[in-house]
Amino acid sequence: MSDIIQLLPDHVANQIAAGEVVQRPASVVKELLENAIDANATNIQLIVKDAGKTLIQVIDNGKGMSVTDARLSFERHATSKISSAEDLFQLNTKGFRGEALASIAAIAHVEMKTKRDDDDLGTLIKIEGSKVTEQEVVVTPTGTSIAVKNLFFNIPARRNFLKSDQVEMRHVIDEFQRVALVHADVSFSLYHNGTDVFNLPISNYRQRIVNIFGGKTNEKLVPVTEDTEIVAISGFVMKPEFAKKSSKEQFFFVNDRYIKSSYLNHAVSSAFDGLLKEKANPGYFLYLQVDPKTIDINIHPTKTEIKFDNEHDLYAIIKSTVKHSLGQFQIAPILDFQRDSSMDTPYSYQGKNIANPTIEVDRSFNPFEADQKGKSMSGGGIPKMSFKKNNDSWEGLYVGLESKMTHDSIDVSTIEVESEEVTGAFFESDEVVQEHVTLQVQNKYIISKIKSGMMVIHQHRAHERILFEEFLQHITVHQAVSQQLLFPVIIDVTKEELTFLNDIKSVLEHTGFVLSKLENEAIEISGIPAAIRNEQVAFIISDLLACVDESAIEDDSLHATLVAKSMAKSIAIKSGKPLTKQEQEDIVNRLFACKEPTITPTNKSIFITYNTNDFDKKLL
Ligand code: ADP
Ligand code: MG
């Protein structure tokens, strides 16, 4: 038999390697911007068309390349940045693998123009799928311009895998920001489809952050500085009251390189302990300088994670530095070390009026009355018994129900909110039950009597389901009732959040929101859905903005579900809220008028049932 192993031709090897480096347009943006920085450019322009699917062009005024270098730059493992493995430990450039241009050229049409300052004429090179198609001498300014067109033109499967323009553009902007935030001494601009998205003049860190995240950011920043043997830290944290649910404004840079580190992120969060609302993430822009020998950036192909030699020390230094800054700027009392933090007012109570405790007496309570069986349990809670969940066939629990309920997945166009006449029937039994007997346990569950025994309903989840279906119906049939606000609510947003809000604007309006202005750094809301209160607006929007990242939003048709889900979750009554009898009954009734009363929009069970037969067996 003949030998079967052969060396892959270069263009095939390059195409395979490209898969590692180039996942999407944003990967190309990252590589080209980093090359421009490594070439000491002081002005960098990024031009994209169709979120980079059609064109990504980076023009820099850096040092440019000679004819030979220009040609060589597209070879694999061709780099001017390291010459031996030892160099890896004293890197001060972003690139070092010499793979990026080769990979990009393997899967796109690339056109490069480059000229060094000392040369009179520059070089033009065109490459398609690793093959040089043109090379000439050209007149071009000092620096390099690389245009990458028709990404993945020769790998249709990869091209089809790309997400919507909105999503891809969001990734492009992320990469752009990560580079721009740490190179304030370089001016950057970004144009997308002919419009100017960012225009960032040379400035300092603070000004750069403000130019990217909006004018209101300035007052939110608390400076952080520390200089130790291990690390020099500078940058800013955001005042705790501006913490957002999304983690979009969290940036670590190590030696001018953006990195992700959940460990160090934890160090910052823990410095904010007790200062943040539930689930809020502190914003920060922290620039660390460490000895390059103490890090290994080589562990991740796209290089956003790095390994530190002295991670634990870094953790402690970051935590105490951030804490100190917050204290210095009188955001947290730090000097009083003896303070017992358990005496602090919990965040959710701060600024609220103190109400005298009241005692509620249920005058109708009679432990000997048969109908009150459920109630008499409230003291000891529900005994722990392993009854079978019966959610799948919950309809069977009620009499006379068969025709009304279906389990079909929700078809939004046919949502009808069926009400009392149906639910009345669910709970009617041969015994004379005028009203549904309900009971609230631990301000969290509603117990309801049913024909076969009882049902324990999770109040928050039930309400979430009810609101979800209501909102979805409003959005679908455009019948929401809106209440005009006397004083419009203004909410600060970043550019990216604004894009997202623009995407979902029509859906939001169908729920009853009136978005009177969507401007550069703020939105103005002058009307809100009838179902929500004025003071809920800000956190409903902030919950929604936390979905910016969610993959669901890449499909336009999912916007309605996304908005309905998020709003329902935000305003559904919480566990822990005492409910009146009327409210409990209302929830039970409305829940069972829902299309899908058994599970929440995020697929959590809403109730469980207990059968009296089970009681009988257990209590033999
Ligand atoms: P790496 O950045 O890892 O060295 P690349 O494939 O990104 O690998 O680039 C290869 C080489 O091409 C670089 O080492 C550099 O010498 C040269 N180069 C790339 N982009 C530019 C640029 N914008 N200006 C000047 N030189 C560049
Ligand atoms: Mg590079």
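These numbers come from a predicted model, not from an experiment. In each ligand, atom 1 is the first atom listed, and ligand 1 is the first ligand listed. All residue numbers refer to positions in the sequence shown, counting from 1.
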Without swapping roles, check the side chain of [X] against the backbone of [Y] for a donor-acceptor pair under 3.5 Å.
X: R116; Y: G122; result: no
X: R159; Y: L151; result: yes
X: D492; Y: A522; result: no

Side chain, backbone, both or neither: the part of [X] lying under 4.0 Å from ligand 1 by heavy atom:
X: T114; answer: neither
X: T79; answer: both
X: A100; answer: both

Hey, is ligand 1 close enough to [X] that some N/O pair sits below 3.5 Å?
X: L101; answer: yes
X: E31; answer: no
X: K63; answer: no
X: G98; answer: yes
X: D38; answer: no

Minimum heavy-atom distance A108-K149, with the two atoms named
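Residues A108 and K149, closest heavy atoms: CB-O, 3.5 Å.
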Taking all heavy atoms of S187 and all of R208, pick out the closest pair and write down the distance.
CA-NH2, 4.1 Å
Contact atoms of ligand 1, heavy-atom distance to S73 under 4.0 Å
10 (C), 12 (O)
Verify the distance test for T79 against the Mg ion (ligand 2): any N/O/S atom under 2.8 Å, yes or no.
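False for T79.
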Atom 19 (C) of ligand 1: of I146, N61, N35, the nearest heavy atom sits on N35
Ring centroid separation for F252 and Y284, is it under 6.0 angstrom?
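Yes.
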Does a salt bridge link K244 with E497, judged by any charged N lying under 4.0 Å from a carboxylate O?
yes
Got a sec: does the CZ of F161 have more than 12 other heavy atoms crowding it under 6.0 Å?
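Not more than 12 within 6.0 Å, no.
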